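No experiment lies behind these values; they were computed from the predicted model shown.
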Amino acid sequence: MLTNLDFSFYNWDVITGFLAKGLYFSLFLTVVATLGGILFGTLLALMRLSGKKWLDAPAAIYVNGMRSIPLVMVILWFFLLVPFIIGRPIGAEISAIITFVAFEAAYFSEIMRAGIQSIPRGQVYAAQAVGMTYKQNMTLVILPQAFRNMLPVLLTQTIILFQDTSLVYAIGAYDLLKGFETAGKNFGRPIESYLLAAVLYFVICYALSYLVKRLHKKIAIIR
């Protein structure tokens with residue numbers, strides 16, 4: 001079977017005609033979901049650490065609920081339910097963006113919560129002693145250190161997020177995997193296309209993982 005593989009169809013025209021659009025959307029979705037997930041996740045983490053039950057309870061329900069449901073199911077729910085609720089379709093790409101931000105926020109929330117809790121309490125008390133408010137304490141003292149400590153973990157979650165973008169295939173969004181599939185169908189080489197997709201995903205994720213390891217070592221030295 002391996003002797004029947006033919007990769008000659010893979011050329012610059014295939015890259016620009018089929019793969020570039022999918023790669024762009026996969027990267028765009030990764031960046032937007034990461035930034036949105038971190039912002040929303042940080043808010044959820046602060047709610048859970050607020051010590052106020054009316055803030056902690058809904059945040060905990062949201063985080064635990066999202067983390068207990070497979071991502072592909074959440075993607076399908078948003079794709080099918082949001083148009084039903086608002087009365088009009090929003091498209092696979094917009095639906096994917098909303099889904100990933102909402103879903104990844106639950107994971108980034110737990111990362112940020114762990115990062116905030118890793119900061120020595122003495123720094124919190126010191127900031128309070130000089131008259132800082134809770135907002136100033138978090139903004140100027142706690143969160144900058146938490147982001148630095150959790151940066152390798154945040155980037156690792158981003159790599160996982162990039163891999164998960166292939167799941168938007170379930171709703172027909174044109175991501176990197178969809179680009180490979182379309183090329184495979186057009187040239188009658190589906191097996192070769194999926195093999196090339198696996199290789200490209202591996203190269204991208206391995207390279208990013210290597211960079212994260214290097215970053216982790218540098219942060220360890222700074223500490």
Subject >> Side-chain touch L211/L215, heavy atoms, less than 4.5 angstrom >> reply: no

Original post:
Is there a chain of hydrophobic side chains (I, L, V, M, F, W, Y, each step under 4.5 Å between heavy atoms) that links I160 to F162?
Top reply: no

**OP:** Evaluate side-chain contact (heavy atoms from CB on, under 4.5 Å) for K178 paired with V168, printing each intermediate quantity in order.
**Re:** CA-CA 9 Å; K178 184 70 173 179; V168 301; over 6 Å; no

Original post:
Crowded around R67 CZ? As in, over 12 foreign heavy atoms under 6.0 Å?
Top reply: yes

**OP:** Spell out, yes or no, whether L35 and I159 are grouped together once hydrophobic residues are joined by side-chain heavy atoms under 4.5 Å, including indirect joins.
**Re:** no

Original post:
Just wondering, do N137 and I142 contact through their side chains at under 4.5 Å, heavy atoms?
Top reply: yes

Original post:
Side chains of F40 and F108: closer than 4.5 Å at any heavy-atom pair?
Top reply: no

Original post:
Under 4.5 Å between side-chain heavy atoms, hopping through other hydrophobics if needed: is there a path connecting V14 to W12?
Top reply: yes

Original post:
Run the side-chain contact (heavy atoms from CB on, under 4.5 Å) check on I15 and L23 step by step: do they pass?
Top reply: CA-CA 10 Å; I15 294 174; L23 178 60; over 6 Å; no

Original post:
OG1/T42 to CD1/I116 distance, rounded to the nearest 0.5 angstrom?
Top reply: 7.0 Å

**OP:** Over all heavy atoms of both residues, which pair between L5 and E192 is shortest? Give the atoms and the distance, please.
**Re:** CA-OE2, 3.3 Å

Subject >> Main-chain N/O of Q136 paired to T139 side chain as donor or acceptor, under 3.5 Å >> reply: no

Subject >> Side-chain donor or acceptor of E110 paired with backbone N/O of A106 under 3.5 Å >> reply: no

**OP:** Would you check if the side chain of Y107 reaches a backbone N or O of G41 as a donor-acceptor pair within less than 3.5 Å?
**Re:** no

Subject >> Spacing of CE belonging to M66 relative to CG belonging to L44, to within rounding of 0.5 Å >> reply: 10.0 Å

Original post:
Below 4.5 Å, heavy atoms only, C-beta onward: do F78 and I90 meet side chain to side chain?
Top reply: no

Original post:
Side-chain contact, heavy-atom cut-off 4.5 Å: E104 with D164?
Top reply: yes

Original post:
Between S193 and A183, what is the shortest heavy-atom contact and its length?
Top reply: OG-C, 4.0 Å

**OP:** May I have the step-by-step check of side-chain contact (heavy atoms from CB on, under 4.5 Å) for F100 and L71, ending in yes or no?
**Re:** CA-CA 8 Å; F100 269 77; L71 175 56; 3.9 Å; yes

**OP:** Can you see which heavy atom on V32 is nearest to which on V101, and at what distance?
**Re:** O-CG2, 4.0 Å

Original post:
Is F25 reachable from I94 through a run of hydrophobic residues whose side-chain heavy atoms are each under 4.5 Å from the next?
Top reply: yes

Original post:
How far apart are the C-alpha atoms of Y201 and L177, what are their side-chain angles, what is the distance that settles it, and do they pass the side-chain contact (heavy atoms from CB on, under 4.5 Å) test?
Top reply: CA-CA 9 Å; Y201 273 103; L177 182 60; 3.9 Å; yes

Subject >> Side chains of Y169 and E181 in contact at under 4.5 Å (non-hydrogen atoms) >> reply: yes

**OP:** Count the heavy atoms of every other residue, nucleotide or ligand shown that sit under 6.0 Å from OH of Y194, and state whether that count exceeds 12.
**Re:** yes

**OP:** Enter the distance from R148:CZ to Q145:CD here, rounded to the nearest 0.5 Å.
**Re:** 6.0 Å

Original post:
Which atom names give the shortest non-hydrogen contact between M150 and G115, and what distance separates them?
Top reply: CG-CA, 3.4 Å

Original post:
Does F202 share a hydrophobic cluster with L155, counting links as ILVMFWY side-chain heavy atoms below 4.5 Å and allowing steps through other members?
Top reply: no

Original post:
Heavy atoms, side chains only, cut-off 4.5 Å: are L29 and D175 in contact?
Top reply: no

**OP:** To the nearest 0.5 Å, tell me how far Q163 CD sits from C205 SG.
**Re:** 4.0 Å

Original post:
So do the side chains of I75 and F103 get within less than 4.5 Å of each other, counting heavy atoms only?
Top reply: no

Original post:
If you measure from CG on N149 to CG on L154, what distance do you get to the nearest 0.5 Å?
Top reply: 10.5 Å

Subject >> Shortest non-hydrogen contact between V72 and L167, atoms and distance >> reply: N-CD1, 4.3 Å

**OP:** Spell out, as yes or no, whether a donor-acceptor pair under 3.5 Å connects the side chain of S95 to the backbone of A92.
**Re:** no

Subject >> Atom pair CD1 (I69) and CG (N64), whose distance is rounded to the nearest 0.5 Å >> reply: 11.0 Å

Subject >> Non-hydrogen atoms of R113 and A45 that approach each other most closely >> reply: N-CB, 3.8 Å

Subject >> Donor-acceptor under 3.5 Å (S26 side chain, L176 main chain) >> reply: yes

Original post:
How would you list, by chain and number, every residue that makes a side chain to side chain contact (heavy atoms under 4.5 Å, CB included) with L196, sequence neighbours excluded?
Top reply: F7, F9, Y10, F180

